[in-house]
Number of protein chains: 2
Amino acid sequence: MSVEGNWLSPAERAAWVRLIAVLELLPGALDSQLRRDAGLTHFDYGVLAMLSEAPERTLRMTELAGYTNATLPRLSNVVKRLADRGLIERHTCPGDRRATNVRLTEAGHEKMVASAPGHVDAVREYVFDSLSPEQVDQLAEIAGTMLERLDPTGVKRPPLDPGSV
Amino acid sequence: MSVEGNWLSPAERAAWVRLIAVLELLPGALDSQLRRDAGLTHFDYGVLAMLSEAPERTLRMTELAGYTNATLPRLSNVVKRLADRGLIERHTCPGDRRATNVRLTEAGHEKMVASAPGHVDAVREYVFDSLSPEQVDQLAEIAGTMLERLDPTGVKRPPLDPGSV
DNA sequence: TAGAGTTAGTTCAAGCAACAACTATTGCGC
DNA sequence: GCGCAATAGTTGTTGCTTGAACTAACTCTA
């Protein structure tokens, strides 16, 4: 590139090219597995997973958008499609009629139960099987640090209850 | 989720939810900066960067697709758009008339020189500024390990010359 | 209790990506 | 040499994401 100035160091560059490649390849790999085995996008799966952990299996659109790191328009379309398939329901909130509560249906819950194991296997295969326990902790630390820059307000982090995937 | 079986450990789950969030947010953040400041997608930028490091600033389509982790149809469209803007040129390879050689033009090189510093700043801001040198090495190691699972043949790794971003 | 401003969500147009089908060129076997 | 398979790219269709309006509902203030 021959541009002077504050360039990346060799160590940073090595980390960067690999991170970029992971960013490009991992989402596609996860999408392929879920789409093939469950007919779901990885993002769809995340929506269902968040709902399945929420109290009453219900969340408000804005809250759900925050947890899934999505914009509201994007979530709106995804939720519409999932509702058409009967996996979730939409109810206007009685208290605030601007708001919409999204609820996981029984069919949606069964879908999760059926598709989760295969997805977990894929996550293990692509990510955790080849990492040492120390590396898992390092990854959590590093990704958490990045998140504080990417989402400084921290709005977009779920309660971190149990069992997300 | 209440599904028995080989679930993720708490440590793995902590790493996973953070990694997922980074996967969702970082590409968008990089895209926004480049689109706003340079009128380029992050993928566009990667294409130009790869070309700027190649000998003669020229690469074959298939080779370039490998380096940028893209499918050939996707690259074909991107290259067409970049060529329309005068940033690259396409030449049928004299030796093998099936093949297309893509070359960075002088305008394309100037575009890189103009937009690289701002992009590097963004990369620093989102990723490296808040990581220790040890974490940078750990990240390189971890991402490299994942890549071996995601791209076992290793086809998709560039020569790792100097100055990629 | 109006009116201004804010919040929640949907919809619309434009652009990009994935997958499949297609063309053109090359190389190999007989 | 002739024909078949493999290689290198392109094109076209469909679906999804994004960003910008737009509607509806709520709140705060005068």
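Side chains included, hydrogens not; waters and symmetry mates left out as well; all remaining heavy atoms used. Protein chains get the first letters and strands the later ones, always in sequence-line order, with residue 1 at the start of each.
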I want to check something: taking the side chain as every heavy atom from C-beta on, are [X] and [Y] in contact at a cut-off of under 4.5 Å?
X	Y	value
A:Glu12	B:Val123	no
A:Asn77	A:Arg81	yes
B:Leu51	B:His109	no

Is the shortest distance from a Lys or Arg side-chain nitrogen in B:Glu24 or A:Arg74 to a carboxylate oxygen in the other one below 4.0 Å?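 Yes.
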
With B:Arg35 as the cation and B:Tyr45 as the aromatic partner, state whether NZ or CZ is under 6.0 Å from the six-membered ring centre and within 45° of the axis. no

Inspect the surroundings of CZ in A:Arg97 and state if more than 12 heavy atoms from other residues, nucleotides or ligands are less than 6.0 Å away. no

Just wondering, are more than 12 heavy atoms of other shown residues or ligands nearer than 6.0 Å to CD in B:Glu63?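 Atom CD in B:Glu63 is packed in, count exceeds 12.
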
May I have the distance from B:Asp31 (atom CG) to D:dG19 (atom P), rounded to whole angstrom? 9 Å

With 3.5 Å as the limit, what N/O pairs link the protein to nucleotides 10-17 of chain D?
| from | atom 1 | to | atom 2 | distance (Å) |
| --- | --- | --- | --- | --- |
| D:dT10 | OP1 | B:Arg90 | NH1 | 2.9 |
| D:dT10 | OP2 | B:Ser76 | OG | 2.8 |
| D:dT10 | O5' | B:Ser76 | OG | 3.4 |
| D:dT11 | OP2 | B:Lys80 | NZ | 3.2 |
| D:dT17 | OP1 | A:Arg74 | NE | 3.1 |
| D:dT17 | OP1 | A:Arg74 | NH2 | 3.2 |
| D:dT17 | OP2 | A:Arg81 | NH2 | 3.2 |

Comparing B:Arg98 and A:Asp96 on DNA chain C - which has the more 5′ nearest nucleotide: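 The residue mapped nearer the 5' terminus is A:Asp96.
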
Interface limits on DNA chain C, where chain A has a heavy atom under 4.0 Å of a nucleotide atom: C:dT7 to C:dT11

Assign the ring pair B:Phe128 / A:Trp16 to parallel, tilted or perpendicular, where the plane angle (0 to 90°) is split at 30° and 60°. perpendicular

